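It should be emphasised that the depicted structure is a prediction, and the values quoted were computed from it without experimental measurement. Indexing begins at 1, ligand by ligand and atom by atom, following the structure's order.
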Amino acid sequence: MLRTLTILTAILVTPIWAQDELPDAAGKAETVRVCTGCHGAEMFSTSHKTADDWDRTITTMTEKGLAISDADYATVLDYLSKNLAPMPAKVNVNKAASADLVRVLGITAAQADAIVAYRVKNGDFKDVDGVKKVAGVDAAAIDAKKDRIVF
Ligand code: HEC
């Protein structure tokens, strides 16, 4: 019963909010407090920018009426710069953390975790076909991003 509920919750919740979710890390609470007064987090949660560009974004928001303390400015800028940084073009499937597999390949966290678990158990991947064969991984999604995978 608990299992069924967990699966149901995952099905219901994941597709709707996954894209708009801000990464869990230090500074998230402050960022949500400071940045979601006028629009939702989805306004920026899928952006990937350099620290300079995030700095400019915050400045633009102050021009739109955002009032922010110096302490919050530093925290929010740090959070955005670290967690919504420009996406690396490629990812090493034998070394990357699960979160980077999600970011670069656009797969779900569950699929990325399956890739990491597989490699821990079976050793390094040698080719894209090996990645596609991992149970639970969407082979078509991997194929679509195969130019971004290195070994
Ligand atoms: C005082 C209100 C206000 C606050 C607070 C606010 N914004 Fe905005 N933001 C706006 C408005 C107004 C727009 C333009 C909305 C539109 O185009 O529909 C906007 C648009 C944006 C955009 C898209 C346009 C662009 O310039 O790239 C991003 C990204 C953004 N905000 C990020 C942030 C971040 C990050 C924070 C927190 C530091 C924040 N906003 C806080 C008012 C605000």
May I ask you to identify the nearest protein heavy atom to [atom], giving residue, atom name and distance to one decimal place in Å?
atom: atom 22 (C) of ligand 1; answer: Met43 CG, 3.4 Å
atom: atom 38 (C) of ligand 1; answer: Cys35 SG, 2.6 Å
atom: atom 27 (O) of ligand 1; answer: Lys49 NZ, 3.9 Å
atom: atom 2 (C) of ligand 1; answer: Cys38 SG, 1.8 Å
atom: atom 11 (C) of ligand 1; answer: Lys64 CD, 3.1 Å

Using atom types as modelled and distance alone, determine if a side-chain donor or acceptor of [X] lies under 3.5 Å from a backbone N or O of [Y].
X: Asn83; Y: Tyr79; value: yes
X: Arg119; Y: Val93; value: yes
X: Ser69; Y: Asp72; value: yes
X: Trp54; Y: Asp78; value: no

Quiz item: Do His39 and ligand 1 have an N or O pair less than 3.5 Å apart?
Solution: yes

Quiz item: Looking at atom 42 (C) of ligand 1, is any protein heavy atom nearer than 4.0 Å to it?
Solution: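 It does: a protein heavy atom is found less than 4.0 Å away from atom 42 (C) of ligand 1.
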
Quiz item: Can you find a protein heavy atom under 4.0 Å from atom 17 (O) of ligand 1?
Solution: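 It does not; no protein heavy atom is within 4.0 Å.
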
Quiz item: Can a salt bridge be assigned to the pair Asp129 and Lys133 using a cut-off of 4.0 Å between side-chain N and carboxylate O?
Solution: no

Quiz prompt | Lys90 and Asp147 ion-paired at < 4.0 Å | solution =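 Not counted as a salt bridge, because no side-chain N and carboxylate O are separated by less than 4.0 Å.
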
Go through ligand 1 atom by atom and flag the ones less than 4.0 Å from a non-hydrogen atom of [X].
X: Leu66; result: 1 (C), 5 (C), 38 (C)
X: Val34; result: 5 (C)
X: Gly65; result: 1 (C)

Quiz item: Shortest non-hydrogen contact from Ile142 to Ile115?
Solution: CD1-CD1, 4.3 Å

Exercise. Search all heavy atoms of Ile58 against all heavy atoms of Tyr73 and return the closest pair with its distance.
Key: CG2-CE1, 3.6 Å

Self-check item: Met61 contact mode with ligand 1 (heavy-atom cut-off under 4.0 Å)
Solution: side chain

Self-check item: Part of Thr36 with heavy atoms under 4.0 Å of ligand 1, whether side chain, backbone, both or neither
Solution: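 Neither part.
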
Quiz item: For the residue pair Phe125 and Tyr118, does the interplanar ring angle fall in the parallel (under 30°), tilted (30 to 60°) or perpendicular (over 60°) class?
Solution: parallel

